[in-house]
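In what follows, a single structure is set out as structure tokens and then discussed.
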2 protein chains.
Amino acid sequence: MTDTRQKILDTAERLFGEFGYSDTSLRHIISEAGVNLAAIHYHFGSKQDLLDQVIMRKAGPINENRLKFLDHFETEAAPQPAPVEKIIEAFLTPLLAIEKNPEFVKLMGRVHAEGLMPEIASRNFQPMIARFISALHRALPDLPAKELAWRAHFALGAMAHAMTLRPEVDLEAAREAPSMIVRMLIAFISGGFCAPIVMDKETEVNP
Amino acid sequence: MTDTRQKILDTAERLFGEFGYSDTSLRHIISEAGVNLAAIHYHFGSKQDLLDQVIMRKAGPINENRLKFLDHFETEAAPQPAPVEKIIEAFLTPLLAIEKNPEFVKLMGRVHAEGLMPEIASRNFQPMIARFISALHRALPDLPAKELAWRAHFALGAMAHAMTLRPEVDLEAAREAPSMIVRMLIAFISGGFCAPIVMDKETEVNP
DNA sequence: GTCTATACTGAGATAGAC
DNA sequence: GTCTATCTCAGTATAGAC
């Protein structure tokens with residue numbers, strides 16, 4: 001029976017999102033899911049592995065959508081490369097379309113904020129990330145590959161931080177107009193990618 | 001005697017930076033500092049409060065330097081407002097001048113990555129942050145205050161993420177040329193702040 | 001194969017003697 | 001101020017019932 005497994009995954013996703021990873025005990029999860037403590041370790045091995053599987057269950061479809069959007073924008077712009085703003089939009093929209101999955105965005109924000117984005121997830125995301133990097137490389141042919149990599153790193157940080165809605169920045173408005181935040185984030189990150197080049201061209205290494 | 005207190009602070013700073021907050025037990029700290037477990041709770045109250053004080057001890061001078069740099073750039077540009085790049089540079093350089101305090105940067109990166117930037121620290125940073133926000137407001141008079149606040153939020157995320165050096169982006173080069181990373185980060189964040197405006201002007205609220 | 005009951009180790013916190 | 005002893009709760013491991 002996979003019913004127990006399912007209940008654990010659903011409850012864990014909800015509680016991890018609500019209270020964060022480290023502030024959610026396994027005993028809390030089992031009490032709400034109505035299962036036994038050892039069942040978690042039987043099905044998932046450890047608390048960390050449970051988190052991995054909670055994330056992976058939802059991340060697959062999101063990453064597929066990201067690539068679909070990217071393909072769409074690239075064919076739309078062909079034979080020109082897709083513009084930077086569209087590439088960023090393709091990356092952000094499938095995750096941050098908050099009306100569809102607010103629970104999961106909250107969870108991902110928490111996971112990022114707690115520095116838990118696990119190696120397993122990181123590995124599974126790698127092919128998708130590589131696709132976006134090469135799209136950006138075509139859109140910004142003069143930007144050295146290394147500086148592009150660093151800017152992608154900065155951009156991920158901005159995105160992760162944006163997902164953890166902080167009270168300083170008008171939480172109420174955020175709830176009213178999530179799409180506004182996404183648009184502002186797209187503008188900010190695109191501006192960052194299009195900034196003047198700092199690094200010497202010579203340092204470049206082709207992918 | 002404040003010797004015990006001092007030894008605890010020094011050891012905690014080193015171990016928190018090396019292993020992270022949650023992976024550093026109080027028992028590890030006391031064994032290296034040569035003090036008793038209860039001494040930590042006597043002097044600091046809790047593990048979280050210990051972290052707060054470790055951060056606050058070093059953050060004060062850094063924030064003073066930030067304001068000094070900002071003043072310098074503003075008088076230099078007067079009567080024009082200081083340019084965005086200089087404002088960002090004034091904010092980042094005092095912390096990220098890695099040659100001077102690599103231990104503390106590592107700690108701050110860890111703290112950010114673990115989502116622990118405590119409310120106490122956040123409160124103590126508030127006046128300094130407000131100074132920078134108003135400087136940015138003068139440099140970007142057309143940008144609505146709310147969008148400026150969000151962009152500052154995004155920028156902090158990029159900075160925090162940049163402090164957690166990840167292996168994906170050429171760790172070796174990072175160690176050789178930390179100032180290069182700072183310059184790239186300044187360019188990225190400045191580009192983000194100077195991006196086209198998204199939000200309606202009407203939503204603005206004056207500080 | 002699936003699940004329950006229970007025990008083990010190590011964490012942060014606290015009370016009270018000195 | 002400091003130390004010992006102890007408490008509660010966490011994640012984990014295992015033995016054995018169905």
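Chain naming here is simple, since letters A, B, ... match the order of the sequence lines and numbering starts at 1 in each.
With contacts defined as side-chain heavy-atom distances shorter than 4.5 Å, the pair B:Met199/A:Met180 qualifies.
None of B:Ile186, B:Val84, B:Ile189 except one satisfies the side-chain contact (heavy atoms from CB on, under 4.5 Å) rule with B:Glu89; the exception is B:Ile186.
Annotation: proximity of residues 10-26 of chain A to DNA chain D (heavy atom, distance under 4.0 Å) is found for A:Thr24, A:Ser25, A:Leu26, numbered in ascending order. A heavy atom closer than 4.0 Å to some atom of DNA chain D occurs in no member of residues 48-57 of chain A. Of the residues in residues 32-40 of chain A, those lying under 4.0 Å from DNA chain D by heavy-atom distance are A:Leu37, A:Ala38.
In the helix from C:dG1-D:dC18 to C:dC18-D:dG1, the end axes, each obtained as the rotation axis mapping the C1' atoms of four pairs onto the next four within a five-pair block, lie 10° apart to the nearest 10 degrees.
Remark: the A:Arg131 side chain and the A:Gln126 side chain contain no N/O donor-acceptor pair separated by less than 3.5 Å.
Between B:Lys58 and B:Glu13, at least one side-chain N (NZ, or NE/NH1/NH2) sits under 4.0 Å from a carboxylate O, which counts as a salt bridge. Ion pair A:Glu114/A:Arg110 not flagged as a salt bridge, since none of the NZ, NE, NH1 or NH2 atoms sits closer than 4.0 Å to an Asp/Glu carboxylate oxygen. Here A:Arg57 pairs with A:Asp10 in a salt bridge; the nearest charged N to carboxylate O distance falls below 4.0 Å.
Here CD1 of B:Ile30 is found 5.0 Å from CG of B:Leu37. Values are rounded to the nearest 0.5 Å. Rounding to the nearest 0.5 angstrom, the gap separating the CE atom in A:Met163 from the CZ atom in A:Phe104 is 9.0 Å.
The CD1-P distance, from A:Ile30 to D:dC9, rounds to 14 Å in whole Å. Between A:Phe44 atom CZ and D:dT12 atom P there is a gap of 14 Å when expressed in whole angstrom units. A straight line from OH of B:Tyr42 to P of D:dG1 spans 5 Å, rounded to a whole angstrom.
Between the side chain of B:Arg27 and the base of C:dG12 there is at least one donor-acceptor pair of N/O atoms closer than 3.5 Å.
Under 4.0 angstrom from either OP1 or OP2 of D:dG11 there lies no side-chain N or O belonging to A:Ser46. Between A:His43 and the phosphate of C:dC3, there is a side-chain N or O to OP1/OP2 separation shorter than 4.0 Å. Between B:His41 and the phosphate of C:dT14, there is no side-chain N or O to OP1/OP2 separation shorter than 4.0 Å.
Using cut-offs of 30° and 60° on the angle between ring planes, the pair A:Phe188 and B:Phe193 is perpendicular. Ring pair A:His161/B:His153 is tilted by interplanar angle, where 30° to 60° counts as tilted.
Residue pairs that meet the ring pair (Phe, Tyr, Trp, His ring centres under 6.0 Å) test with at least one member in residues 117-136 of chain B, sequence neighbours left out, are B:Phe91-B:Phe132. Residue pairs meeting the salt bridge (Lys or Arg N to Asp or Glu O under 4.0 Å) criterion with at least one partner in residues 20-49 of chain A, sequence neighbours excluded, are A:Arg14-A:Glu32.
Between the side chain of B:Ser31 and the main chain of B:His28, a donor-acceptor pair closer than 3.5 Å is present.
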